[in-house]
Structure formats: structure tokens, C-alpha cells
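I have placed the structure first, in the form of C-alpha cells, so that the comments after it can refer back to it.
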Protein chains: 2
Amino acid sequence: MGITKTEIFTDEQNKLALQLKAIAHPARIAILQLIIEAKACICGDLSSELGLAQPTVSQHLKELKNAGLIQGTIEGVSVCYCIEPQAWKNLNNELNKLFSSYKGINSCC
Amino acid sequence: MGITKTEIFTDEQNKLALQLKAIAHPARIAILQLIIEAKACICGDLSSELGLAQPTVSQHLKELKNAGLIQGTIEGVSVCYCIEPQAWKNLNNELNKLFSSYKGINSCC
DNA sequence: TTAATTAATCGTAATATTGCAATATAATTA
DNA sequence: TAATTATATTGCAATATTACGATTAATTAA
């Protein structure tokens, strides 16, 4: 079919998948890093910094925003994008749970 | 176009994006959790546990394996899938780096 | 008000993903 | 060897993603 069967998974699994999908692109990883390092937080700056067209960056920003990972505040003509602290912390926690649940010693293979 | 411009990003960014993409699906998150909890590590068991067709699960397992996150060992007629410890640890480290690089206090907004 | 600047949206082409039925492959067992 | 059991592959339809040119908003400055 081509459409993910979200109904057979838990809300936690679906939410984690959505947020990870938002990060799972090199451009969006780069954008997050630039935002965190405060090297750029404005669409145009990110665009020239990355070498991607402005509409492309705008779309990536939209996806990160839809996932709740960043927030944008209007600064005159431009928009400053920053990490959304709560969502960032929550995702970090969810990932820590997933990764720490693996104890290293395998039960089967 | 529709094809990611991998050449303009670093190897680290591309690799992290690829591994995150492998995890960024509720079925694959569920598969990893079942494997980690050792509730199921065989394609057929995962298939009935998840309620997804066997070829679908097989394909998800293939993607997790391609990303290096799991390994399969032949157990008679079936294949037992487990976490690949080194890759799991590396991904955990990369994510920790990304998440901890955000110090909470924003420089701009 | 008009011009300038910046971000968002629309439309489109190329490609990738998701899911499964049908089938093929591989290993064990009778 | 033939039957059984389990996984992998193929092929396909539906949908999603990626990237960008062209255009449209929105805000500030002249």
C-alpha cells in the first residue's frame, strides 16, 4: 500500500518515529547543529550556509517545527528559529530509554 | 528532484541520518524493542507479534541490518536477529553528542 | 505609498518508502 | 529424495519525500 499502519503501534512508538523522522535527514541534522551552535538561526543564513535553496530550507524548518523540535520567533522581517527545550528534552529521554534498555548481554544470539 | 544532496554534508551527518532513518518507523522501533526484550527475534514470531505480514517484517529487518543496527545468525531453519552492540553504542554516542550540545540557554530567541 | 527584504507557499519532477501477495531460496526432517 | 518449515526476494500499487523555480505574503524602511 505505502501507508504506515500507525493504528497497530502505541502512541509512544508513533510519536518517537515521527520525531526521529524529522531528524533523520542530513540537512535537518545540519540545521539543528547550526541552530544549536547559534551560527545561524534565520532561514536565509541557513540557506547560504548549507548551500540549499531558500524554499528547501524553509520546508525543512517547517518539518522540524511540525515535529515540535524547534520554534520560530519573528524578528522584524526575518524569523529566528531555536530549539524547543521541552520537546528536545523529551526526545532525549525517550531515546535514552530505548538505548539503555539494551543491556549488552544477548539472551539468544 | 527528490534525491538528497548527500555530497554537501559531512560523513557524520550522512551516517547519523541513515541510522536514524532506519529507526524512524514505528514498526522498526517495535521490532527493536521486541528484540531487546528478547520477546521475539525471529521473523515469523515478530510478524505474528506485530500483526504485519512476513515479507513486510523481513523488509524492515533488512533495513535495520543494512543500517548495521542488528545482526542475524542462522539457527537451523530460522534466523535469530539481535542488536549489533558496537553500532548500537556508536549511535547512542552520536545522539548523546547532538543532544548534549544544546546547553539550554538560547543565544538569540 | 512604494521599494526592499525575507519567509512561506505552490506546483512539479524525480525518487524513495510502505505493505503485501506471489514466489523463490535455504535448511531441516522424514 | 521429497516434504516441511522459515526467510528472502520480486513485483506492484499507493503514498511520501526531496528539491527548487516561480510566486505570494509579510514586514520594514525610504
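Chain A is the first sequence line, chain B the second, and so forth, proteins listed ahead of strands; every chain is numbered from 1.
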Separation of [X] atom [atom1] from [N] atom [atom2], in whole Å?
X: B/K5; N: D/dA19; atom1: NZ; atom2: C1'; value: 7 Å
X: B/L18; N: D/dT18; atom1: CG; atom2: C1'; value: 15 Å
X: A/I8; N: C/dC20; atom1: CD1; atom2: C1'; value: 13 Å
X: B/E63; N: D/dT9; atom1: CD; atom2: P; value: 12 Å
X: B/E75; N: C/dT28; atom1: CD; atom2: P; value: 11 Å
X: B/E7; N: D/dT18; atom1: CD; atom2: C1'; value: 13 Å
X: A/I74; N: D/dA25; atom1: CD1; atom2: C1'; value: 12 Å
X: B/F9; N: D/dT18; atom1: CZ; atom2: P; value: 11 Å

Counting just side-chain N and O atoms, does [X] come under 4.0 Å of either OP1 or OP2 of [N]?
X: A/H60; N: D/dA19; result: yes
X: B/K62; N: D/dT9; result: yes
X: B/T4; N: D/dT18; result: no
X: A/T56; N: D/dC20; result: yes
X: A/Y81; N: C/dT6; result: no

Looking only at heavy atoms, the pair that brings B/W88 and B/I36 closest together is CZ2-CD1, 3.7 Å

Tightest non-hydrogen contact, residues B/D45 and B/A40, listed as CB-CB, 3.9 Å

ask   = According to a 4.5 Å side-chain heavy-atom criterion applied to Ile, Leu, Val, Met, Phe, Trp and Tyr, with indirect links allowed, do A/L52 and A/I42 form part of one hydrophobic cluster?
value = no

Shared hydrophobic cluster for A/V77 and A/L61 (ILVMFWY, side-chain gaps under 4.5 Å): no

Expected list for residues 21-30 of chain A near DNA chain D, using heavy atoms below 4.0 Å, is A/K21, A/H25, A/R28

task: Would you classify A/S78 as touching base, sugar-phosphate or nothing, given that sugar-phosphate means primed atoms plus P, OP1 and OP2, and contacts are heavy atoms under 4.0 Å?
output: sugar-phosphate

- request: Just call it for A/I42: base, sugar-phosphate, or nothing, with non-hydrogen atoms closer than 4.0 Å on any strand.
  value: sugar-phosphate

From the list A/Q54, A/Q59, A/H60, side chain to side chain contact (heavy atoms under 4.5 Å, CB included) partner of A/T56 resolves to A/H60

Hey, is CD1 on B/I74 packed in by over 12 heavy atoms from elsewhere, all under 6.0 Å?
no

Taking B/E94 first and then B/K97, would you say they form a salt bridge - that is, a charged N and a carboxylate O separated by under 4.0 Å? yes

Using a strict threshold of under 4.0 Å (side-chain N to carboxylate O), is an ion pair present between B/E63 and B/R28? yes

Original post:
So, does the side chain of B/Q59 form a donor-acceptor pair with the base of D/dA8 at under 3.5 Å?
Top reply: no

On DNA chain D, more 5' by nearest nucleotide between A/P55 and A/V77 is A/P55

DNA chain D nearest-nucleotide lookup for A/L52 and A/G76: closer to the 5′ end is A/L52

